[in-house]
**Q** 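Sharing a structure with you now.
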Amino acid sequence: QRIYAAGGDLIVMAQVSPGAEIMADGNIHVYGSLKGRALAGVQGNLDARIFCTDLQAQLVAIGGHYRTSEAEDASLKGKLVQIHLKEDALVIDQL
């Protein structure tokens, strides 16, 4: 399944299953497990952010900068996090 929020933010109040893809021109908020793919700032918004309560994503991206699950820190699983760009690199901060 694919959901795209054109011109704004996307708020998901449930789990994003493996294989699912959520995209937004703005920020993405997931109030559940993020197990699929999340792409924020699809139209080039480098200030976009991704927030989720349980990061297990296959892939996250902001403004075309991608990071796959192989690069994730296992200690962040089940934690509230935000993902943003800093100096052209995706940064994941626990909140």
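Computation of the quantities below employed the complete heavy-atom set of this structure, encompassing side-chain atoms and omitting hydrogens, waters and symmetry-equivalent molecules.
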**Q** Does some side-chain heavy atom of His65 sit less than 4.5 Å from a side-chain heavy atom of Asp88?
**A** yes

**Q** Would you find a donor on one side and an acceptor on the other, under 3.5 Å apart, between the side chain of Ser33 and the backbone of Gln15?
**A** no

**Q** Testing Arg37, Arg67, Glu21 for side chain to side chain contact (heavy atoms under 4.5 Å, CB included) with Leu59, which one passes?
**A** Arg37

**Q** State, yes or no, whether a side-chain contact exists between Val81 and Asp54 at a heavy-atom distance under 4.5 Å.
**A** no

**Q** Provide the closest heavy-atom pair for Ala24 versus Leu10 in the form atom of the first, atom of the second, distance.
**A** CB-CB, 3.9 Å

**Q** List the steps, then state whether side-chain contact (heavy atoms from CB on, under 4.5 Å) holds for Leu85 with Leu90.
**A** CA-CA 5 Å; Leu85 274 176; Leu90 285 178; 3.8 Å; yes

**Q** Can you tell me how far NZ of Lys79 sits from SG of Cys52, rounded to the nearest 0.5 angstrom?
**A** 12.5 Å

**Q** With a 4.5 Å heavy-atom cut-off, do Lys35 and Val16 have their side chains touching?
**A** no

**Q** Taking all atoms of both residues into account, what is the closest heavy-atom pair of Gln58 and Gly19, and its distance?
**A** OE1-N, 3.2 Å

**Q** If you take all heavy atoms of Ala48 and Gly41, which pair is closest and at what distance?
**A** CB-N, 3.6 Å

**Q** Any side-chain heavy atom of Ile83 within less than 4.5 Å of one from Phe51?
**A** no

**Q** Under 4.5 Å between any side-chain heavy atoms of Ile22 and Val30, yes or no?
**A** yes

**Q** Return the minimal non-hydrogen interatomic distance between Ile50 and Ala38, and the atom names on each side.
**A** CD1-O, 3.7 Å

**Q** Are Ile28 and Val91 joined in one hydrophobic group, where the rule is that I, L, V, M, F, W and Y side chains link up if heavy atoms are under 4.5 Å apart?
**A** no

**Q** With hydrophobic residues grouped by side-chain heavy-atom distances under 4.5 Å, do Val12 and Leu80 end up in a single group?
**A** no

**Q** Go through the structure and list residues passing ring-ring contact (aromatic ring centres under 6.0 Å, His included) with His84, not counting sequence neighbours.
**A** none

**Q** Mind checking what makes salt bridge (Lys or Arg N to Asp or Glu O under 4.0 Å) contact with Arg49, not counting sequence neighbours?
**A** none

**Q** Answer yes or no: is there a side-chain heavy-atom contact under 4.5 Å between Tyr66 and Leu39?
**A** yes

**Q** What are the two closest non-hydrogen atoms of Thr53 and Tyr31, and how far apart are they?
**A** OG1-C, 3.7 Å

**Q** Would a distance-only check, ignoring hydrogens and angles, find a side-chain to backbone donor-acceptor pair under 3.5 Å from Asp9 to Asn27?
**A** yes

